[in-house]
Amino acid sequence: MWPRPSRFLRRLQPSILNPGSTTMTMGMSSFTIPSDTHPSPLVECPPDLAKETLLHFPAFKAWLSTLQHSLQRQQLASHEFHADPYVLRKIQVQSVDYFTGGRLGFVKLRADVSNGSGESLPGSVFLRGGSVGMLLILQPDDVPLSVEEEKCAVLTIQPRIPAGSLAFAEIPAGMLDDSGSFAGGAAKEIQEETGLTISQEELIDMTSLVMQSAAPRSGNEEMLQDAVYPSAGGSDEFIPLFLCQKRMPRSDIEALQGRLTGLRQHGEKITLKLVPLKDLWREAGRDGKTLAAWALYNGLKGEGKI
């Protein structure tokens, strides 16, 4: 799922939507994107990727807009790279993956970002866009709300082929689409992966709370998402992390243990595992978003914000 364009694409530059003319070279199509820099960045695409498809791919548009804004900040005299600013000179799309139905799913590209001295920044990028993660905490309704020992967290155990695993432990999560808000995407993923129906009003956006509690913004900052970036050295993926604390009958909580869930028609084979909240960091210690959610929860709870 992708976030609603009104939020996810809120920082797009008009130039992205008006590319220059297209040419074909050795099976590659190429075009330029109008820019405030000179020369305008050249984009090269493989034969199986149309220019319009790339330009309307939400992950590409958001990544390019964010990068362009960060590069423009070099105009500030206080910027570290002001004396010899970096410029986006070329984008070479190396490969693409399509989802069922022909929708563009993932893009691997290389961005040439260099300065006048010929120094380049690492530019290998795997574009996949945003995801959401949910820390779902359940507590039996026959104990006082203050009894932390009775709280448990819901993990999903499922195959993760990129990690070489058939039983990877993590908090419920899923990719975003353009069908709704971040919170709406989180609620939908909870329902699909756990079978529990959660309203958006029951969700707390922990990453947004943390960003709001940081130092006041001056308006000159980089315009990144209010989210965790689990692999910023190689991927654009960002993950807003939500919290849901729910009290339920003890028998209903126990019935979730070992339940088989997920959208089987989409290849999801998920088994639920409930673990004591205090052991979450240990039970899913390999999963970056789980550890991030654990850290945000404890930090915000320690400050009395949740």
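Just so it is clear, the model here is predicted, and its values are computed rather than measured. We count residues from 1, following the sequence as given.
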Under a 4.0 Å threshold between the charged nitrogen and the carboxylate oxygen, would Arg250 count as salt-bridged to Glu150? yes
Less than 4.0 Å between a side-chain N and a carboxylate O, is that true for Glu170 and Lys273? no
Check ring pair (Phe, Tyr, Trp, His ring centres under 6.0 Å) between Phe126 and all other residues, then give those that pass, not counting sequence neighbours. Phe106
For the residue pair Gln94 and Lys108, confirm or rule out a side-chain donor-acceptor distance under 3.5 Å. yes
Do Phe168 and Leu136 share a hydrophobic cluster, counting only Ile, Leu, Val, Met, Phe, Trp and Tyr and linking them when any side-chain heavy atoms are less than 4.5 Å apart? no
Is it the case that the side chain of Gln68 and the backbone of Ser65 share a donor-acceptor pair, with hydrogens and angles ignored and the cut-off at 3.5 Å? no
Can you list, by chain and residue number, the hydrophobic cluster partners of Ile161 when the side-chain cut-off is 4.5 Å? Leu166
Separation of Phe242 CZ from Leu209 CG (nearest 0.5 Å): 10.5 Å
Carefully, step by step, assess Asp226 and Thr207 under the rule side chain to side chain donor-acceptor pair (under 3.5 Å). CA-CA 6 Å; Asp226 289 345; Thr207 38; over 6 Å; no
Salt bridge (charged side-chain N to carboxylate O under 4.0 Å, His left out) between Lys301 and Glu148, intermediate numbers included: CA-CA 12 Å; Lys301 189 173 181 61; Glu148 290 286 320; 3.4 Å; yes
Please find the pair of heavy atoms, one from Ile253 and one from Pro140, that lie closest to each other, and give the distance. CD1-N, 3.5 Å
Looking at Gln257 and Leu274, would you say the former's side chain and the latter's main chain have a donor-acceptor pair under 3.5 Å? yes
Measure from the side-chain N and O atoms of His56 to the backbone N and O of Glu52, and report whether any donor-acceptor pair falls under 3.5 Å. yes
Can a donor-acceptor pair be found, under 3.5 Å and without considering hydrogens, that links the side chain of Gln92 to the backbone of Leu42? no
Look up atom CD in Glu221 and atom NE2 in His69, then write down how far apart they are to the nearest 0.5 Å. 8.5 Å
Checking Ser40 side chain against Thr32 main chain: does a donor-acceptor pair fall under 3.5 Å? no
If you measure only the distance, is there a donor-acceptor pair under 3.5 Å linking the side chains of Glu202 and Ser199? yes
For Leu121, all residues meeting side-chain contact (heavy atoms from CB on, under 4.5 Å), sequence neighbours excluded: Tyr86, Val113
Glu283 side chain to Leu280 backbone, donor-acceptor under 3.5 Å: no
Cut-off 3.5 Å, side chains only: do Ser165 and Arg160 have a donor facing an acceptor? no
So does Ile171 get a backbone contact from the side chain of Thr290, meaning a donor-acceptor N/O pair under 3.5 Å? yes
Greater than 12 external heavy atoms within 6.0 Å of Arg259's CZ: yes
The single option from Ile137, Leu277, Leu145 that satisfies side chain to side chain contact (heavy atoms under 4.5 Å, CB included) with Gln245 is Ile137
Would you tell me whether Glu44 and Ser29 have side-chain atoms, one donor and one acceptor, within less than 3.5 Å of each other? no
Check for a donor-acceptor pair, side chain of Arg247 on one end and backbone N or O of Val143 on the other, with a separation under 3.5 Å. yes
Heavy-atom pair with the smallest gap, counting every atom of Lys278 and Trp294: O-CH2, 3.9 Å
Could you check whether any side-chain N or O of Asn115 sits under 3.5 Å from a backbone N or O of Glu119, counting only pairs where one atom can act as donor and the other as acceptor? yes
With a 3.5 Å distance limit and no angle check, can you tell me whether Asp236 reaches the backbone of Arg128 through a side-chain donor-acceptor pair? yes
